[in-house]
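In the text below, chain A, chain B and the rest are named by the order of the sequence lines, each starting its count at 1. Heavy-atom basis, side chains included; hydrogens, waters and symmetry copies ignored.
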Protein chains: 2
Amino acid sequence: MSVAYDVLNDDDTYHHGNLRDELIDTAVDVIGREGVAALSLRALARDLGVSHSAPTRHFKNKAELLSAIMEEAYEDMLTTTVDAGYLAGDNPVHRLRAMARACMRWHVDNRALSEVIRNPDVSRTAGRNVKEVLAAFYIHSSRAILGAQGQSRNPDRPVEFVYLSMIVSVVGAASVLTDPVYVETLPALDADELIDDMVDHLFPLKDG
Amino acid sequence: MSVAYDVLNDDDTYHHGNLRDELIDTAVDVIGREGVAALSLRALARDLGVSHSAPTRHFKNKAELLSAIMEEAYEDMLTTTVDAGYLAGDNPVHRLRAMARACMRWHVDNRALSEVIRNPDVSRTAGRNVKEVLAAFYIHSSRAILGAQGQSRNPDRPVEFVYLSMIVSVVGAASVLTDPVYVETLPALDADELIDDMVDHLFPLKDG
DNA sequence: CTATTAATGTGGATGCTGACAACATGCTAT
DNA sequence: ATAGCATGTTGTCAGCATCCACATTAATAG
């Protein structure tokens, strides 16, 4: 009894074919433009020309969609950061600096994803996957930190604290650099300069 | 004791008497327990034993309520930080350290308020008031930073960058210390220790 | 002290959203 | 071919934000 459909969509197949991925993509799009609060499963479905409850097949609810985005985001952040470390060569200090810089840049370059993983309402739903990624992140980072400490950078500061300083700086920079209030309040806030400045003070090139 | 209770119990007055303030209070309560996403004007109205559209008289919509909370939060954060600076005495380094520590503590001690002012969906609605508070915050901070630089702390680093480092550390620490994922992932994460450690590295007591 | 007005709270209506259930379609393997 | 499964559709319901007309109280002017 589906003649009505053919009138509505001429060349459309019944199945969308790639709904899950496109849901995530357009969701990230919407978040980047209007924020997490503006996200609506029904609006997403409309945008993709699909019935209002089609997303249910892929994400039981809104929290699950955001959770999936968070997982992908964390994985992307991890690989980006670790890759930058390896590309930086063998000098431990250079490697650590490259990792910190890459991680900060990732947040600035992926505003929407960063906003999602920094959202408490989302991170409250984090599962084992996310925690494993963060554990891996900690391992990679602490290895690099130990290497840099071998070159007399903060040699007697506990590794966990150095790691936390890095994370805190990254997350804080992401918050400040993407927050419209700070961006408007502070004159000439250039992301690259701030990132360089912070990395220099976290892990200085010269001995301190 | 409070008027609200009498209204709830038997002495049914038509007017609530203090609805605006109690809306804010219980909203902060809810946010602290369940997060911003769980906030609902109707649920607030129910909790306060008032009709579902009574809040409209005080806040046109949810965004306006959150905006009001943000304003109060910023003001509270400013005065707490500035007061701590004055109480720390005349030594500029001590003063700056006290301010940074107080600001971090404020975020940790006021999880819900901190969550609100770090929420991009909320800060997008920030008005002149909030921006003026932040401008005042910058003035107070940069004065303290200039004083500390007179004692050879980061003497040739631009004031704005030192200020931003402080803000970034504060905001980042707030994010990390209140994020369940990080709290669970990292072993024995003590807020006080981390704050002390970060303040020591931001504004060291000894010359560096 | 009273009458008028502004502030505050009520109740109902509408439209959007999340969530669930029953049904339809197309792919794949046997 | 056909059974089973993944995917998409329609229908429905409850919760919520928001708007509106109306009721009650508080404040104030005369």
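Atom pair A/D21:CG and D/dT7:P shows a separation of 11 Å (rounding to whole Å applied). Counting to the nearest Å, the P atom of D/dG15 and the CG atom of B/L44 are 17 Å from each other. Between the CG atom of B/L19 and the P atom of D/dA26 there is a distance of 15 Å, rounded to whole Å. The NE2-C1' distance, from B/H58 to C/dA7, rounds to 9 Å in whole Å. One can place CD of B/E34 at 16 Å from P of D/dG15, the figure rounded to the nearest angstrom. Rounded to an integer number of Å, the gap from CD of B/E22 to P of C/dT8 is 15 Å. In this entry the distance linking NE2 of B/H52 with C1' of C/dT14 reads 12 Å, nearest Å. The distance from atom CG of B/N61 to atom C1' of D/dC20 is 16 Å, rounded to the nearest whole Å.
Within residues 35-42 of chain B, the residues that have a heavy atom under 4.0 Å from DNA chain D are, in order of number, B/S40, B/L41, B/R42.
For the atom pair CH2 of B/W106 and CG of B/L113, the computed distance is 5.0 Å after rounding to the nearest 0.5 Å. A/S142 contributes atom OG, which lies 9.5 Å from atom CE of A/M166 (distance to the nearest 0.5 angstrom).
The minimum heavy-atom distance linking B/V116 with B/L66 is given by the pair CG1-O, 3.9 Å. Of all heavy-atom pairs spanning A/V176 and A/Y182, the tightest one is O-CB, 3.7 Å.
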Donor-acceptor pairs under 3.5 angstrom involving side-chain atoms of residues 33-43 of chain B: please list them, not counting sequence neighbours.
{"unit_1": "B/S40", "atom_1": "OG", "unit_2": "B/R42", "atom_2": "N", "d": "3.3"}
{"unit_1": "B/S40", "atom_1": "OG", "unit_2": "B/A43", "atom_2": "N", "d": "2.9"}

Only distances under 3.5 Å count here; give the side-chain donor-acceptor pairs of residues 94-101 of chain A to other protein atoms, sequence neighbours excluded, each with its distance to 0.1 Å.
{"unit_1": "A/R95", "atom_1": "NE", "unit_2": "A/G85", "atom_2": "O", "d": "3.2"}
{"unit_1": "A/R95", "atom_1": "NE", "unit_2": "A/G89", "atom_2": "O", "d": "3.3"}
{"unit_1": "A/R95", "atom_1": "NH2", "unit_2": "A/G89", "atom_2": "O", "d": "2.8"}
{"unit_1": "A/R97", "atom_1": "NH1", "unit_2": "A/D200", "atom_2": "OD1", "d": "2.9"}
{"unit_1": "A/R97", "atom_1": "NH1", "unit_2": "A/F203", "atom_2": "O", "d": "3.1"}
{"unit_1": "A/R97", "atom_1": "NH2", "unit_2": "A/D200", "atom_2": "OD1", "d": "2.9"}
{"unit_1": "A/R101", "atom_1": "NE", "unit_2": "A/D196", "atom_2": "OD1", "d": "3.0"}
{"unit_1": "A/R101", "atom_1": "NH2", "unit_2": "A/D196", "atom_2": "OD1", "d": "2.9"}

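Of the listed nucleotides (C/dT10, D/dG8, D/dT10), D/dT10 has the atom at the smallest distance from the side chain of A/S51.
One finds a side-chain N or O of A/R46 lying less than 4.0 angstrom from the OP1 or OP2 phosphate oxygen of C/dT17.
Using a cutoff of 4.0 Å between basic side-chain nitrogens and carboxylate oxygens, A/R105 and A/D192 are scored as salt-bridged.
No hydrogens or angles were tested; on distance alone, nothing pairs the side chain of B/S53 with the base of D/dT18 as donor and acceptor under 3.5 Å.
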